[in-house]
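Predicted, not measured: the structure shown is a model, and the values here were computed from it.
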Amino acid sequence: MGSHRRLAPSGFDRGAGAAVSILSVTAAALGAVPAAAAPHDDTRATVDRLYEQAEKATEAYNEADERADELRAEVGIARDRIARQQERVNSMRESLGSLAGAQYRSGGIDPSLALLLSDDPEDYLDHASRLDRLTAHQAGELKALRGAMRELAQDREEAAGKLRELETSRKAVAAHKKTVEHKLATARRLLNSLPDAERDAYGRASRSGRPGMPDLDGATAASSRGSAAVAAARSALGKPYVWGANGPSGFDCSGLMQWSYAQAGVSLPRTSQAQRYAGRQVPLSEARPGDLVVYRGDASHVGMYMGNGQVIHAPYPGAPVRYDPVGMMPVSSVTRV
């Protein structure tokens, strides 16, 4: 998502180090000296850095959102398991209650057996060995009930833990979303502070990637799934960058990779950090079409190698899915899926 063109010596590539906090960026850009009064190159470089930071926050958002989805599924499974286990406990208690009633009618019930019909039979179970009139079958039933109740309690505790984790993940998603939106809004304000001619020039630069087909010199993918992913990525050319999106109408950088490989029947992780480990890493000099090219030391951006030194990627807001040189920013790794 960060800008991938060197618009000025102080531009994006030099700003690809440690993330600068939004407060310090805003202070630098909108502080004592109004942004419009600052050198235009500095303003554009600040916009580049904001886009880069927003991309990092977007990948964090994607990770938290993916974990939230996983937890929702796990909570649903846990609830189903608890319901089945509760039915089993209820059935066992009903069976033992019927047994107690039969003994009572025959005049042979021990008073303590009546505890089986209480809301909390645990006290009874703790003293089950003291019952004189229990048959071996009854003792086995009681032991099974004790085990079922313990399993039910464990399932409930596990489900409660997952619900707590889900709530934490939901809060993380909301926080990352707020961070992304703040940085993008700041970037838009800075762009709007530029004179019309400068703003138009920046817009042209942000769209100067090659939406058409470059000369790829007959490069071929390393596998049939790589070829299918390449074809899918090409079909997405010109689609808008939408942060947090994984197609088919819009994409962020890792969303484009995930969607493209899904069309090839391959399930990739959601984030660029996880995608770098989704296959075998190869040297950049050996890259083939379909390989994932991961950028920056923190792996916060990813594109797909297409051959002849070109990648397809979703750059950042305002720049649609396009071709760019593979060396548009520092390459961290190349992964063959």
Identified side-chain hydrogen bond (donor to acceptor under 3.5 Å, both in side chains) partner of Ser254 from the options Arg270, His313, His301, Gln275: Arg270
Worked check of side chain to side chain contact (heavy atoms under 4.5 Å, CB included) between Leu268 and Leu292: CA-CA 11 Å; Leu268 287 185; Leu292 304 181; 4.1 Å; yes
Criterion side chain to side chain contact (heavy atoms under 4.5 Å, CB included) on Gln85 and Arg156, from CA distance to verdict: CA-CA 10 Å; Gln85 191 67 1; Arg156 283 175 171 162; over 6 Å; no
Arg79 atom CZ, over 12 foreign heavy atoms within 6.0 Å: no
Exceeds 12 heavy-atom contacts within 6.0 angstrom, atom CZ of Arg81: yes
So, for [X] and [Y], which heavy atoms are closest and what is the spacing to 0.1 Å?
| X | Y | result |
| --- | --- | --- |
| Gly226 | Ala221 | C-CB, 3.7 Å |
| Ala219 | Gly307 | CB-CA, 3.9 Å |
| Gln310 | Tyr305 | O-CD1, 3.4 Å |
| Pro320 | Gly238 | CB-O, 3.5 Å |
| Leu190 | Ser193 | O-OG, 2.5 Å |
| Val334 | Ala287 | CG1-CB, 4.2 Å |

For the pair [X] (side chain) and [Y] (backbone), establish whether a donor and an acceptor sit closer than 3.5 Å, ignoring hydrogens and angles.
| X | Y | result |
| --- | --- | --- |
| Thr179 | Ala175 | yes |
| Arg288 | Thr220 | yes |
| Ser272 | Ala299 | yes |
| Lys239 | Pro248 | yes |
| Arg225 | Val337 | yes |
| Thr186 | His182 | yes |
| Asp252 | Val242 | no |
| Glu165 | Leu71 | no |

How long is the gap from [atom1] on [X] to [atom2] on [Y], to the nearest 0.5 Å?
| X | Y | atom1 | atom2 | value |
| --- | --- | --- | --- | --- |
| Glu87 | Leu152 | CD | CG | 11.5 Å |
| Arg67 | Asn62 | CZ | CG | 15.5 Å |
| Asp155 | Asp80 | CG | CG | 11.5 Å |
| Lys56 | Asp298 | NZ | CG | 4.5 Å |

Distance-only side-chain donor-acceptor flag, Arg276 / Ser332, under 3.5 Å: yes
Flag for Gln258-Asn246: side-chain donor and acceptor within less than 3.5 Å: yes
Working for side chain to side chain contact (heavy atoms under 4.5 Å, CB included), residues Val311 and Tyr323: CA-CA 5 Å; Val311 294; Tyr323 288 100; over 6 Å; no
Working for salt bridge (charged side-chain N to carboxylate O under 4.0 Å, His left out), residues Asp69 and Arg72: CA-CA 5 Å; Asp69 288 342; Arg72 289 187 191 98; 2.6 Å; yes
Side chain to side chain contact (heavy atoms under 4.5 Å, CB included) evaluation trace for Cys253 with Glu59: CA-CA 9 Å; Cys253 69; Glu59 290 303 289; 3.9 Å; yes
Ile77 reachable from Ile82 in the ILVMFWY side-chain graph, under 4.5 Å edges: no
ring-ring contact (aromatic ring centres under 6.0 Å, His included) partners of residues 259-284, not counting sequence neighbours, each pair once: Phe251-Trp259
Plane angle bin for Tyr61 and Trp243 - parallel if under 30°, tilted between 30 and 60°, otherwise perpendicular: perpendicular
